[in-house]
Amino acid sequence: MANTGDTLKKMAKTYSPRAVEEKWQSSWQTDEFYQVYRFKNDGKPVFVIDTPPPFTSGELHMGHVYWNILNDTLARYKRMSGFDVLLPQGWDCQGLPTELRVQYKWKIPREDRKLFREKCVEWTGIMIKSMKQTMIRLGYRPDWEQFEYRTMDRDYWRAVQDSLLTMFEKGLIYRREFPVHWCSKCGTALAQAEVGYVQKSGKLYYVKFRAENTDLEVATTRPELLNACVALAVHPEDGRYANLKGKEAEVPIFGQKVKILVDESVDPNFGTGIVMICTYGDEQDIKWQQKYSLPVVKAIDEHGRMINAGRYTGMKNTQAREDIVKDLDGAGRISKTEERVHNVLTHTERVNCMTPIEFLVKDQWFAKSKEFRERVLEEASKMRWIPKFMNQRLVDWVNSIEWDWLISRQRVFGTPVPFWHCRKCNAIIPPKREDLPVDTTVNAPPVKKCPKCSGTEVVGTMDVCDCWVDSSITPLIVTGFFTDKERFKRTYPTDYRQQGHDIIRTWLYYTTLRCTILTEKAPFKGVLINGHILGSDGSRMSKSKGNVIVPEQGVNEYGADAIRQALLSLTLGSDFPFRWEPVKYGKSFLQKVWSSVRFAEGFFTEPSYEFKLEELEDVDRWILSRLREAVAKTVEAMEGFQFHVAVDVLQRFYWHDVCDQYIEAVKPRLYSPRTPESQMAAKSTLYKVIWTFSRLIAPICPHITEEIYQKVFREREGHVSIHAAPYPRIEEVPAVDGKVGEALVRVIAELRSRKVEGKIALSAEVSGAYIQGDKDTLRICRKNEWLIKEVLHIKEVQYGEGEPKAELKRD
Ligand SMILES: [Zn+2]
Ligand SMILES: [Zn+2]
C-alpha cells in the first residue's frame, strides 16, 4: 500500500465516494491496517466503549447507523490521541421477533425446541451478516477480530449463567408464584420496563352490586373480571358509604359475597367512589390483594381466555366482556355506561405488539432489585452524563420501581434459566459452575435428591432469560470479567456507555444494577445518551408507517463520509427528523476538500516542509492563526463530545477560510513567485494547513482523509494510515499574529464581492480599484498591493483615508 509512482498519486477531478470508500473499507480489514484498530492491551492508557448490541432484526436503519458513527468517531479520535482503544461490537440475538419469524415465515414448530432453536440461530446468522455489511459501509471499524460477541453463543450463555449463579449465591435469585405482566399475544411474562400505559377509548360501566338490601353502584372498565372480584373498597372519609364499612356485598351474575374495605388509596372521585378489587385488573389490585391477604381467583389464562367463570369459561376475554355486559343489562344490573378515554397497560417495549396486559399468577424467576435502588442511583450519580439532564430519567425510573426484576420468559430462543427446583419443598438447586452452560430441559440436575428435604423430584425449567439479562453484562463481557482477570483489571470500569434515551430504564438500569452487584463498582465512568433519528415526517421510524430511511440508498449516492457529517452535526440527546440536505451539503464539502487538495498537491514537490517563521507573509500568518483557532475549538469539542460543534468549525474553516480566501490569495505566489522564499512559505503553510485539517476531520470523514493521506502525505509522514497519525494539538501550529493578514483578507474578500455583484468574472481584468480605510489598513494594502492586483486581476489601486470600503473602478 506504499505510495509509489505517479499513477497512484494522480487525483481524479471528481471525487467518487463509492469507489474510494469501498476500497478503504476492505483495506482496513487487512492485517496491515488491523494494527490500527486492534486493542493491544500493551500498557498504553486504555479507552473502552460499551457499544449497544443491536437486536438482530436484519435491518439497520438510519438510527442504528447513528450509534455506529458516534462510536466510530469517538474511537478514531481517541486512537489518534494516543489511547489503546477497545471498540467492541455485539449482537443481541435472542428476541421474540426472531421466534415469530421462524415460527411463521419458516413454519418451524416451537414444540420441537432443539430444531426451533437451531433454526433461530440460522436465521440470526443471516441477519447479522447483512447488518454487519451495512455497518462496514458506513466506515464503522470496531475490533471485530477480538471483540465481536453474539448473545446466542455458548460462551455468552456461560457468562450469563455464571453471573446468575453468583447472584444466586448472594441470595438474590428466587422463584415464586406471582402475578406477572402477561402478554397473551406473545405468550410470555414481561418485566415492568416492557410495559407502558397507552390511552385508549373505552366504556365505563356502572354495575349494581347488592348490599344491605340496597343497590350499590360500582364503576368498572373490566366487567369481565367480576368472577375474580374479591372485595370492594371505599375511601375512609367518603361520607356516602360510612355505613357500609366492614359489610359484605354480593357480586351480580356470579353471586359471590365480598367484603367492603376501607382504604386510603381509593380515589373517591372516580366513578361512584367504590372500587372493585379483582385478581388482577391492575397493579393496585396486586397491592390490595397482598395488603389484605385477599383470596386469589384466576380469571384469565395464558391465551387470554376466561377460566373459573361459569358459562363464560373458555371465551376470549373480549367476547366475555360483551356477553357479561349483555347479561348484566338483561338483569337490570347496569345503571349507566359512559364513554371515556383511559390508560390501558400495554405491551409497548421492543415489539410492535401493543396488546393489553393481563396479570397472571405464574411460577416465575426473579432477581432482587428493589433493595438496590439507592445503590444504583449512587453509582449513577458518579457517572459523567452527556447530556447532563438525562440522569434524571434514570432517577425517576428507579424511584418508581415497585417490583423485583422478573427474569424468566416462557420462550424457546433464549439463554436457559440455569436452575432446577425441588417439587416437594421448592428449594432451588443451582448448577455446578464447571458444568456451565446448562440447559435444564436437556441436562440432568447436579444432584439426584433435594439437599434440603431429600425429595427425589428435582425438576428443571423450560424458561429462558429475559433479553436484558443477556445484554446487561456487556461491560463485563468486553472487559474480560469472566475470562481474563488481567484485562479486566485494566479495562473496568469502561470509559463510556453509548445508548439511546429510550432504553435508559432497561439497558442502562439493568447494566448498572447487575454490574454493581457483581463487581461492587459501576460499569462505566460516563454515559453518552443519543436521541433518535426520526422519519422525515418527524415521527419514529417504523415499517408500518413507511417512513424508514435505510442507509444504503444514501451511502451509494452521497457516500458514508457525507452521511457521517450530517448525523454528527446533530446535537446529542435530542430527537431529529432525518433530512437529506445536510448529507448533500456534506458531499459538496468533500468535493471542495478534494479539489483544493488536488490543486495543492501539484506544488508539494519538496521532500519535506519546514517553517521559516521569518519568511511567512501576512496571509500565511493569518491562515495559521485561523488554523490554530480551529485546532483549539475542535479538540475542545471532541473532548466534550460536542461532535456537532467540531463538524461546524471544520466545515466553516476549510470552506471559507482555506478554500475561499487563502488558496485564492496564494495562487499568485505559487504560479509566479516574486521570490523563492515567498513561494516556499506559501507551500509550507498550505502543506501545514491541509495536513493538520485532514487529521482534524479524519475521525468524522475517515475515507476521504485516508485517500488524501495515502496519495499526498504518507511518503513524508510515514504512518501506515492517517488513523494512526497523532491528532493535532495546538502546540503544532505556531502562535503568530494574524491581524494584519486578516485586514488584507477582508479587503480582498470585499473586492471579490464587488466583482460578483457586478457580474464580472473573477478572472476578468479590471482597470482599477479604490480602497478606503484607516492608516493601518492602507499601509497593509500598499505593502501587499501586488497580491491584491494579482488575486483580483486589477491594474491600478488607489487609496484614501476614511470609513472602510473597497470599490472597483468602472471602465
Ligand atoms: Zn406482546
Ligand atoms: Zn426439597
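Whatever order the structure lists ligands and atoms in, that order sets their numbers, starting from 1. A quick note: this is a predicted structure, and the numbers were derived from the prediction, not measured. These values consider heavy atoms only, across backbone and side chains, with no hydrogens, waters or symmetry-generated copies.
With contacts defined as side-chain heavy-atom distances shorter than 4.5 Å, the pair Q289/V230 does not qualify.
If you put the vertex on the Zn ion (ligand 2), SG of C425 and SG of C453 sit 110° apart, to the nearest 10°. Expressed to the nearest 10°, the angle at the Zn ion (ligand 2) joining SG in C450 with SG in C422 is 110°. Rounded to 10°, the angle that SG of C183 and SG of C353 form at the Zn ion (ligand 1) is 110°.
Per residue H347, closest N, O or S atom to the Zn ion (ligand 1): atom name ND1.
Of the possible donor and acceptor atoms, one in the side chain of N227 sits under 3.5 Å from a partner among the backbone N and O of I307.
A donor-acceptor pair shorter than 3.5 Å cannot be found between the side chains of T188 and R409. In summary, the side chains of S163 and R514 do present a donor paired with an acceptor at a separation below 3.5 Å, with no hydrogens or angles considered.
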